[in-house]
Protein chains: 2
Amino acid sequence: MKNIRVASTPTIKRLPAYLHIIEAAAREGKEYISGTVIAEELELEPIQVRKDLATTGIVGKPRLGFPVAELVQAINGFLDWNTVHNAIILGAGHLGTALMGYRIFPRHGMHIVAAFDSDTGKIGTKINGVPVYALPELKERVRKLQVELAILTVPSSHAQQVADLLVDCGIQSIWNFTNIKIKVPPGVIVQKEDLSSGYAVLSVKMRLARDAAPEE
Amino acid sequence: MKNIRVASTPTIKRLPAYLHIIEAAAREGKEYISGTVIAEELELEPIQVRKDLATTGIVGKPRLGFPVAELVQAINGFLDWNTVHNAIILGAGHLGTALMGYRIFPRHGMHIVAAFDSDTGKIGTKINGVPVYALPELKERVRKLQVELAILTVPSSHAQQVADLLVDCGIQSIWNFTNIKIKVPPGVIVQKEDLSSGYAVLSVKMRLARDAAPEE
DNA sequence: TAGATTGTTAATCGATTAACAATC
DNA sequence: TAGATTGTTAATCGATTAACAATC
């Protein structure tokens with residue numbers, strides 16, 4: 001299990017898309033899948049897919065491609081998606097609720113075991129089977145439930161404040177869905193899910209398309 | 001208005017974060033902001049901020065920094081966030097509802113003017129002030145409301161089918177929140193918001209942190 | 001003035017792409 | 001066998017970073 005290589009961030013970001021396709025192939029009973037086929041599906045270059053898959057350590061067979069079952073195992077292993085990680089949601093609004101309902105997360109080892117909100121109407125209820133607690137209970141619940149990851153879906157105005165709380169509770173990893181760059185002590189992992197970035201890229205593409213083909 | 005430069009995708013993705021900070025500076029009444037200050041706030045290199053800001057065409061003053069008001073205008077102009085774009089939501093579930101409630105979108109020119117869903121319980125109602133229609137009405141509404149952008153928040157299993165519908169209605173830009181790579185004709189812009197990618201990066205970071213500091 | 005910050009040009013770094021022998 | 005696909009090594013491309021003169 002020690003022959004796990006390093007991979008660049010762009011490579012890591014592409015792995016889930018590969019996994020998605022490879023798992024579909026597995027369900028269809030295919031034994032091998034070629035980098036060429038994956039590349040076509042995702043509109044990537046075959047060489048890029050091969051290079052990326054090389055980081056999993058799985059060797060393919062010329063003419064046939066890569067062994068499907070091994071690849072699924074290796075990618076899941078590389079991403080650590082075979083291990084269970086308990087997570088909590090901070091902010092049981094629509095976004096938080098949407099994430100609680102995502103079926104893929106538990107399939108990738110992420111189990112949302114609790115949500116926290118300041119709305120007394122929600123506290124004590126269950127959303128999608130996930131119990132909603134009040135914030136003062138955070139520390140104890142985190143300890144008891146062995147929470148490793150906190151998902152931040154509170155309003156931006158509360159983001160830093162809640163992040164501070166999380167850090168205080170010993171949370172080491174935060175998935176930040178707010179548009180605030182939160183400040184945390186060194187060592188705490190923060191992954192920012194940046195809607196604005198995506199929208200910016202989209203906006204520029206739309207502007208360029210409009211500029212290219214002016215009026216109708 | 002023609003001195004808009006090109007910018008790389010990484011640069012475009014950083015611009016909203018810059019804008020966020022610069023607008024805060026504007027609210028505080030600051031006339032100038034230096035690249036150094038922005039860099040510190042975002043934990044980036046000052047040289048990178050300067051390079052990025054150079055694409056806006058705004059020239060800074062040594063010692064002082066960049067003129068705040070001009071930067072705000074230039075970045076918004078570059079991102080085309082001063083122009084109104086009508087958008088629709090496909091799939092009025094929790095994620096769709098969350099997006100309808102985002103206050104930042106209208107501030108960046110994006111107005112969600114309608115939502116579409118197959119749930120008869122939702123059709124005819126308003127969510128966050130946005131009317132929910134049935135899918136068969138799509139074509140007519142798109143035309144009447146002059147919709148430019150469609151936001152795809154349907155279940156993955158329906159993603160391609162709904163995307164086909166959108167293309168058929170003449171939609172040129174799709175913001176895809178499903179984990180499916182949808183197929184569209186050339187010319188149609190698709191921006192994929194990829195939760196799995198973010199989760200993959202986070203997972204690997206967590207694994208590496210764990211491997212680095214083994215057991216406790 | 002002194003010195004922090006800009007803008008530009010050059011150097012470095014890293015990711016993508018190309019080329020091609022090896023091979024199932 | 002023939003040929004599509006792999007894996008490796010090298011070339012290219014593009015983004016980041018460094019260096020530094022110009023300047024407010």
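Residues from residues 44-51 of chain B that place a heavy atom under 4.0 Å from any atom of DNA chain C, listed by number: B/I47, B/R50, B/K51. Applying a 4.0 Å cut-off to non-hydrogen atoms, the residues of residues 9-18 of chain A that approach DNA chain C are A/P10, A/R14, listed by residue number.
Under 4.0 Å is where a charged nitrogen must lie from a carboxylate oxygen, and between A/E45 and A/R50 no such pair does.
Atom CZ in B/R63 sits about 6 Å away from atom P in C/dA4, given to the nearest Å. Put simply, CG on B/L64 is 12 Å from P on C/dG7, counting in whole angstrom units. At whole-Å resolution of the value, CG in B/L42 and P in D/dT16 are 14 Å apart. The nearest whole Å value for the distance from the CG atom in A/L53 to the P atom in D/dG7 is 9 Å. Atom pair B/D52:CG and D/dT16:P shows a separation of 7 Å (rounding to whole Å applied). The separation between B/F66 atom CZ and D/dC24 atom P is 14 Å, rounded to whole Å.
A/H108 NE2 to A/N82 CG: the interatomic distance, rounded to the nearest 0.5 Å, is 9.5 Å. Of the inter-residue distances, the one linking B/L152 atom CG with B/W175 atom CH2 reads 12.5 Å to the nearest 0.5 angstrom. Here the CG atom belonging to A/L90 is positioned 8.0 Å from the CD1 atom belonging to A/I174, to the nearest 0.5 angstrom.
Between the side chains of B/Q48 and B/D52, no donor-acceptor pair is found at a separation under 3.5 Å.
Residue order along DNA chain C, read from the 5' end via each residue's closest nucleotide, puts B/V59 first among B/V59 and A/K61. When each of A/S8 and B/G60 is assigned the nucleotide of DNA chain C with its nearest heavy atom, B/G60 is the one assigned upstream, toward the 5' end.
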**Asked** Which is it for B/R141 and B/I88 under the side-chain contact (heavy atoms from CB on, under 4.5 Å) test, yes or no, and what are the steps along the way?
**Response** CA-CA 10 Å; B/R141 298 283 179 193; B/I88 53 174; over 6 Å; no
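Using a 4.5 Å heavy-atom threshold, the side chains of B/I151 and B/M110 count as touching. Residues A/V68 and A/E31 fail the side-chain proximity criterion, which asks for heavy atoms closer than 4.5 Å. Between B/L53 and B/I58 the shortest side-chain heavy-atom distance does not fall below 4.5 Å.
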**Item:** Under the 3.5 Å Watson-Crick or G-U criterion, the dot-bracket string of DNA chain C, with | for inter-strand pairs
**Value:** ..||||||||||||||||||||||
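Within the cation-pi definition used here (under 6.0 Å to the ring centroid, within 45° of the axis), A/R207 qualifies as a partner of B/F78.
Across all their heavy atoms, B/L79 and A/A200 have their closest contact at CD2-CB, 3.8 Å.
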